[in-house]
Amino acid sequence: MNFVSEKIEKILIAIFCIALLIGSYRLVWYFVYNIPYGYDPGFFRYGIQTSLEALPNIAAPTSVYLPYNEPLYGILTTVLTFIGYSPDTIVGPFLWFLSIFTAFCIYFFSKQSYNRSVWVVAASIFLLSIVQFQEYWWNYWRNILGIIFLITSLGLVLRKSPLAILTIAGLFTIHRPSALYFAVVVLLAVIVLSIQQRKIQWKQIGIVLLWGLVALPLYFNQLGFLTDMIEPLSTTFGGNTRSGTFVNSREFFYLIFPYFLVLIPAIFRKMEKKEFDMIFIGFLVGLAWSVFRLFFYNRMFVFFDLFVIMMAAYSVIYIVLHLQKKIGYTIISIFFVLQGWLYISHAYEYASRHSISREEFDIVKNLNILVPENSTILSTHRIYTPWILGYSGLRTLAPWLLENQIWDESKWNTFYYTADDTTRCTMIEEYHSLSENLYVFVGDNQPKLILPSSCFRPILSNTSHPILYEVIWK
C-alpha cells in the first residue's frame, strides 16, 4: 500500500493521541471507586497469592481452586510481585497498562504487514473499541496477555525472528484459546503459501511443530497436562460447545458495526488482489469461528475484533488514498466521531458498574477481622465467590466451583430455596466436619435466602439486610 502524505500522517497521529486520552479514561474510574472491574479479579488475586506460597515450584498449579491456570501465569505474576507490584496493583492499574500496551503491539504487527499509517489508525480504533473495553471491564487478565503474545508472535513470525520461539512458547503457556487462534491462523497461512507456490512448505510446518514443543516442558509437572492442552481442540467441533462468558453474537456485531462497515472496501480489494496475508486470514478465521459457533466462540470475539480493527485501518488508508479528498476526509471524520461517541457513552455506562458494592467490598476485605481466624465462609452466589476467595483471606466454600463439595446441584437448590427451616438446618450439619466456625455470606445482588433461622444467626448487616450469618451447630 502507498504511503500517505506527511500532512495526513500528522492528522492521523493527532487522532491517535486523542484516542489514547479517551482510552485512558477507563483508569479514572478505577481510582474513583478503588474496586477492580469484572468478575475474575478475586480469582487472579488468589492465584497470585498461592503462586507465592508454592515457591520455589512457581510453575505448579496454584491451587485446586484454579485448575485452569496455565503455568506462565504463576511465573509472570510471581516475577511482578518480586519486582515490587502488590497483588492489588497487578489486578487493578497494571491491567490498565496491559490494555493500553496492546495498542503498541498492534503497531509492531501492523508495521510488519503494511506501513506506519495503517498502524496509527489501527491503534486508534483499538483504543476506541467497545469490545476491547468490555474485555478490560470483565478483568480478563490472561485474555489480555494472550492478545499481547498473539500479536507480538505474529509480528515476529513475519520478521522471521528467532525470538518468535520464545513468545510463542509464552503464548501457549499463558492462554490456550489465544494459542489455538494463533495456531489456526499460522496453519492456514502455511497452507495458502503452499497453494500459491504449488509446493508443500515442510520447513514452515516443522517450525510450527517446534514452537508447540518448546512450550511443553512448562506443563510437565502438571497432572494431566496433555488432556488440558488437547481438550479445547477436542471440543472445537463438538455439537455442545461452550460459548465462553462474554458478549453474545448479536451484541458483538452491534458493537463493531461502525468499523465493520468501514472494512468492506478492504475485503473486496484483498479478494481482488488475492492478498491472503495473516491479517486477512485472521479476519476470516474469526468470521468463520463466529458464524459456526466453534469452541468458546463468544470469548474468541476478542481476537476477531483485533483483526476487524486492522482490516478497518487498512480500509481507512485505502479510502484516504483513492477517494476524492473531501469525500475521504468526510467519511473518516464521521467514522471516528461516531466511534468515539459510542465508546465514551458505553464506557461511562459500564465504568461505574461493579458486581460488588463499595460497602460489600469493604466487608469482604475485613472478614478475617470480623470472624475468628480459622473460620470458613460459605458463598451462596457465584457473583461473590471470587471476591470472598481473593480478598477475605479465609477458607471459602461455594457450590460447584471450589473444593470440598459435599452436595450436588439438586441439594444446593434445596438448601437455597426450601421454606422448611428444619430441612436447611439438617442439611448444613453435613458441612460441620469441614469447619467448626462456618459463616454464610448473602450479598445484595443475589436471590435472598430465607434467613435467619434457628441455625443461622445474623452477625453483620449492611444498609438493607443482614449480609453475614453465623452457623449455629446443633
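None of the values given here were measured: they were computed from a predicted structure.
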Is there side-chain contact between [X] and [Y], with at least one heavy-atom pair below 4.5 Å?
X    : Y    : result
L338 : F335 : no
I388 : T385 : no
I147 : Q132 : yes
S379 : F441 : no
F304 : V285 : no
I18  : I22  : yes
M310 : M278 : no
V157 : I168 : yes

If the condition is ring-ring contact (aromatic ring centres under 6.0 Å, His included), which residues does [X] pass it with, not counting sequence neighbours?
X    : answer
Y391 : F361, W387
F94  : Y85, F97
Y259 : none

Working to the nearest 0.5 angstrom, can you tell me the gap between [X] [atom1] and [Y] [atom2]?
X    : Y    : atom1 : atom2 : value
I356 : D362 : CD1   : CG    : 9.0 Å
S99  : W141 : OG    : CH2   : 13.0 Å
I256 : E251 : CD1   : CD    : 12.0 Å
L171 : L150 : CG    : CG    : 6.0 Å
H346 : W137 : NE2   : CH2   : 9.0 Å
T102 : L306 : OG1   : CG    : 8.0 Å

Is a donor on one side and an acceptor on the other found under 3.5 Å between the side chain of S315 and the backbone of M311?
no
Tell me if a side-chain donor or acceptor on T173 pairs with a main-chain N or O of G170 at a distance below 3.5 Å.
yes
Consider only side-chain N and O atoms of [X] and [Y], and report whether a donor and an acceptor are under 3.5 Å apart.
X    : Y    : answer
D305 : S129 : yes
Y384 : E360 : yes
S86  : D88  : no

Determine whether more than 12 heavy atoms belonging to other residues, nucleotides or ligands lie under 6.0 Å from atom CZ of F253.
yes
In terms of heavy-atom contacts, does NZ of K365 have more than 12 from other residues, nucleotides or ligands at under 6.0 Å?
yes
Ring centroid separation for [X] and [Y], is it under 6.0 angstrom?
X    : Y    : value
W289 : Y181 : yes
F280 : F307 : no
F182 : F149 : no

Please find the pair of heavy atoms, one from [X] and one from [Y], that lie closest to each other, and give the distance.
X    : Y    : result
L20  : I100 : CD1-CG2, 3.6 Å
L12  : V120 : O-CG1, 3.1 Å
A103 : A123 : O-CB, 3.8 Å
S124 : F336 : CB-CE2, 4.0 Å
Y318 : P265 : CD2-CB, 4.3 Å
V131 : V302 : CG1-CA, 4.4 Å

In this structure, which one of I130, L255, L128, V337 forms a side chain to side chain contact (heavy atoms under 4.5 Å, CB included) with L342?
I130
Tell me, please, which residues at least two apart from S290 pass side-chain hydrogen bond (donor to acceptor under 3.5 Å, both in side chains).
none
Sequence-distant partners of N248, side-chain hydrogen bond (donor to acceptor under 3.5 Å, both in side chains), two or more places apart:
none
Run the side chain to side chain contact (heavy atoms under 4.5 Å, CB included) check on L95 and I90 step by step: do they pass?
CA-CA 6 Å; L95 181 72; I90 294 173; over 6 Å; no
Give the ring-plane orientation class for F16 versus W119, where under 30° counts as parallel, over 60° as perpendicular and anything between as tilted.
tilted
If the plane angle is over 60° it's perpendicular, under 30° parallel, otherwise tilted; pick one for F301 and F252.
parallel
Check the pair V91, I48 against side chain to side chain contact (heavy atoms under 4.5 Å, CB included), reporting the backbone distance first and the verdict last.
CA-CA 9 Å; V91 300; I48 294 168; 4.1 Å; yes
Listed by chain and number, what are the side-chain contact (heavy atoms from CB on, under 4.5 Å) partners of I334, not counting sequence neighbours?
T330
Kindly indicate whether a cation-pi arrangement holds for K270 with Y314, taking the cut-offs as under 6.0 Å to the six-membered ring centre and within 45° of the axis.
yes
Using the side chain to side chain contact (heavy atoms under 4.5 Å, CB included) rule, take Y140 and H175 through it: C-alpha gap first, then chi angles, then the decisive distance, then the call.
CA-CA 11 Å; Y140 286 151; H175 194 237; over 6 Å; no
Chi angles and distances behind the side chain to side chain contact (heavy atoms under 4.5 Å, CB included) call for I281, D277
CA-CA 6 Å; I281 291 173; D277 52 39; over 6 Å; no
